[in-house]
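Contents: one structure, followed by commentary.
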Number of protein chains: 2
Amino acid sequence: MSTLTVVGSIAFDAVETQTGKRDRLLGGSAVHFSLASSFFADTRVVGPVGDDFGEEEFAVLHARGVHTADVERVPGGRTFYWAGRYERDVNIRTTLQTDLNVFEHFEPKLSEDSLNAEVLFLGNIQPSLQIAVREQCAGARFTALDSMNLWIDIAHSDLLRAISMVDCVLLNDGEVKQLTDEPNLVRAARAVLDLGPSVVVAKQGEYGAAMFTRAGFFGLPAYPTENVIDPTGAGDSFAGGFVGYLAAHADQGEFSEATLRRALAYGSAVASFNVEAFGTERMQTLTPDEITTRVSELTHITRFEDAPIPLRA
Amino acid sequence: MSTLTVVGSIAFDAVETQTGKRDRLLGGSAVHFSLASSFFADTRVVGPVGDDFGEEEFAVLHARGVHTADVERVPGGRTFYWAGRYERDVNIRTTLQTDLNVFEHFEPKLSEDSLNAEVLFLGNIQPSLQIAVREQCAGARFTALDSMNLWIDIAHSDLLRAISMVDCVLLNDGEVKQLTDEPNLVRAARAVLDLGPSVVVAKQGEYGAAMFTRAGFFGLPAYPTENVIDPTGAGDSFAGGFVGYLAAHADQGEFSEATLRRALAYGSAVASFNVEAFGTERMQTLTPDEITTRVSELTHITRFEDAPIPLRA
């Protein structure tokens, strides 16, 4: 099985929605990512936790075969904490509290096993740390990163440098535009490709995702989910499914457009499950058959055959 | 050739964008719609104009074979006027002025030929007028309507009644949610289907469109357009391509899911051209070959083939 290392946050989330409230959900980008990627690749997670992170939380990761040897426990520290509320329209969310805690001074330390992974995913952390990790994983066959508006604002040149060092960038579509100061997504994505990566994925939330490569464009609508309970981590699950699927094909060398497209569908399918319950709950019960079935559904709901008719000139 | 009647606004638009400014563009929902539908069906346009509407404007419609016998000239009146500005991000627009003029007291009067069209499109006008027209066109094989937030707010029950009388509703996705007071699009669209129509199309602007039928769901990303000059009328061109394509298949009786999906692709393709120039300029030079080529491109940029791999349980 291919090997994949993800570096990012490990968190406790407090989430309020119209349907319920949870005080202490396992969360964080590296957690959501690794639970998703664990279906496709042997995944190692690198991130910091505090004394409050216990066996129960590790058990969730271990149940999916995720390696946690590089989860760094900071003595006397507390785990990153995020609290937020979703409105009746779950696309609107308010952050109520963010305590970086041990995440504030996190410096990733990767074991030999993590350093030697075939595929590396740099979750949303300070771009200078992404660069440092990327440099250590010189042998990775495929590398990707995520980021956020904060780093685009305050660490712009570091982020551009980090982007120049990876094969793939995953960002929200608004972030792709913000990063390049270009309001047209097609031009914005092309500007990111010009920085070095061969793949740019623009996540579009309830609308799906768009993928740009030098060879072309792929648009994938989101799976039409009726019951969105908690959208937290959907983007990370998406990335985990996408990068995980690619990791499973890392022996291909350069990925074909067909493989990249399929990967996006797997990412989208996994993300559509993530939102069906609070925190990681749905991912903990998810089965390979459910994923495969949903990808097949995605194929059907996006397909049309042209049948040209004579048009009036 | 199938026959199609569209009732709606005919306008002069003044448009400011980052790339230029035009004071007097031919516009209005019925104009944008009919130029698009003219590629597929013999189109009759019903709407009011003032003394300021002249041969030059009629010539644009006639050049595409659109019948204007039911364009009502109101003596002493002025044509509906809209002025707006688009930001650098063309998804953001500000209305600078709206003068309803002759459109304010418009009461559609349809000739025999218009009444007997196989397909009827009720553009965005007062729902009570949509109802009156729909009742007169009792023999139409397929009927569709558009509306807007204003009518959802101030003429809600009339609009629900109008919707119950048509086969298809086309709205922006935000309007589908607003109409049903349901923030989840899937549930919202289902609630609209429950009102009577068999097809609900949610227009999603730069993200594409989603179509809901009792049989299922179809998601279509927008064609990735790099040069958006003027988005005015894109939704109407979309509707014109979609309904026009269906009109060309009106002899099928009930439309198959495959036909409806193709129709959406044609609507999307035509709309993607509309935005490439100011007002109706691009539609005036558009050719059947260009449309066919773009639909074919849409097929390619949305297609993926699944290739299931063993996933780790």
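Reminder, nothing fancy here: chain letters follow the sequence lines and each chain counts from 1.
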Subject >> Largest heavy-atom contact set with chain A, pairs under 4.5 Å, which of B:Asp173, B:Asn91, B:Leu185, B:Thr259 >> reply: B:Asp173
Original post:
When heavy-atom pairs shorter than 4.5 Å are enumerated against chain A, which of B:Ala265, B:Ala210, B:Ala258, B:Ala307 gives the highest number?
Top reply: B:Ala307
**OP:** Please look at A:Tyr223 and chain B and tell me whether the side chain, the backbone, both or neither of the residue comes under 4.5 angstrom of a heavy atom of that chain.
**Re:** neither
Original post:
Of the backbone (N, CA, C, O) and the side chain (C-beta and beyond), which part of A:Ala41 lies under 4.5 Å from a heavy atom of chain B, both, or neither?
Top reply: backbone
Original post:
Does the side chain of B:Val295 come within less than 4.5 Å of A:Phe304's, by heavy atoms?
Top reply: yes
**OP:** Under 4.5 Å heavy-atom distance to chain A, tell me which part of B:Glu206 shows up: side chain, backbone, both or neither.
**Re:** side chain
Subject >> Any donor-acceptor N or O pair under 3.5 Å, side chains B:Asn184, A:Arg88 >> reply: no
**OP:** Working to the nearest 0.5 Å, report the span between NE2 of A:His300 and CG of B:Asp306.
**Re:** 9.0 Å
**OP:** Quick one: pull up CG in B:Leu311 and CZ in A:Phe39 and give me the separation to the nearest 0.5 Å.
**Re:** 8.0 Å
**OP:** Answer with side chain, backbone, both or neither: which region of A:Ala248 has an atom nearer than 4.5 Å to a non-hydrogen atom of chain B?
**Re:** side chain
Subject >> chain B contact via A:His249 - which portion, at a heavy-atom distance below 4.5 Å >> reply: side chain
**OP:** Would you confirm whether B:Arg187, through its side chain, and A:Glu226, through its main-chain N or O, come within 3.5 Å as a donor-acceptor pair?
**Re:** yes
**OP:** Pick one of side chain, backbone, both or neither for A:Thr225, based on which atoms fall under 4.5 Å of a heavy atom in chain B.
**Re:** backbone
Subject >> Presence of salt bridge, B:Glu305 and A:Arg261, under 4.0 angstrom >> reply: no
Original post:
In terms of heavy-atom pairs under 4.5 Å, which option from B:Tyr245, B:Tyr207, B:Tyr266 contacts chain A the most?
Top reply: B:Tyr207
Original post:
Using a cut-off of under 4.5 Å for heavy-atom pairs, which of A:Val228, A:Ile92, A:Asn227, A:Asp181 has the most such pairs with chain B?
Top reply: A:Asp181
Subject >> Portion of A:Arg190 that has a non-hydrogen atom of chain B nearer than 4.5 angstrom >> reply: side chain
**OP:** Quick one: closest heavy-atom pair of A:Pro221 and B:Leu220, and the distance?
**Re:** CG-N, 4.0 Å
Original post:
Where does A:Asp42 contact chain B at under 4.5 Å (heavy atoms): side chain, backbone, both or neither?
Top reply: both
Original post:
Relative to chain B, which segment of A:Glu257 carries a heavy atom at a distance below 4.5 Å: side chain, backbone, both, or neither?
Top reply: neither
Subject >> Contacting moiety of A:Ile291, where chain B heavy atoms sit under 4.5 Å >> reply: side chain
Original post:
Is there a side-chain contact between A:Arg312 and B:Phe40, using heavy atoms and a 4.5 Å cut-off?
Top reply: no
Original post:
Pick from B:Ile309, B:Thr287, B:Thr292: which one has the most heavy-atom pairs with chain A under 4.5 Å?
Top reply: B:Ile309
Original post:
Any donor and acceptor pair, going by atom type alone, linking the side chain of A:Arg303 with main-chain N or O of B:Thr299 inside 3.5 Å?
Top reply: no
Original post:
For the candidates A:Pro310, A:Pro308, A:Ala189, which exhibits the highest count of non-hydrogen atom pairs separated by less than 4.5 Å from chain B?
Top reply: A:Pro308
Original post:
Quick one: what part of A:Met1 sits under 4.5 Å from any heavy atom of chain B, side chain, backbone, both or neither?
Top reply: side chain
**OP:** Working to the nearest 0.5 Å, report the span between CZ of A:Phe218 and OG1 of B:Thr302.
**Re:** 7.5 Å
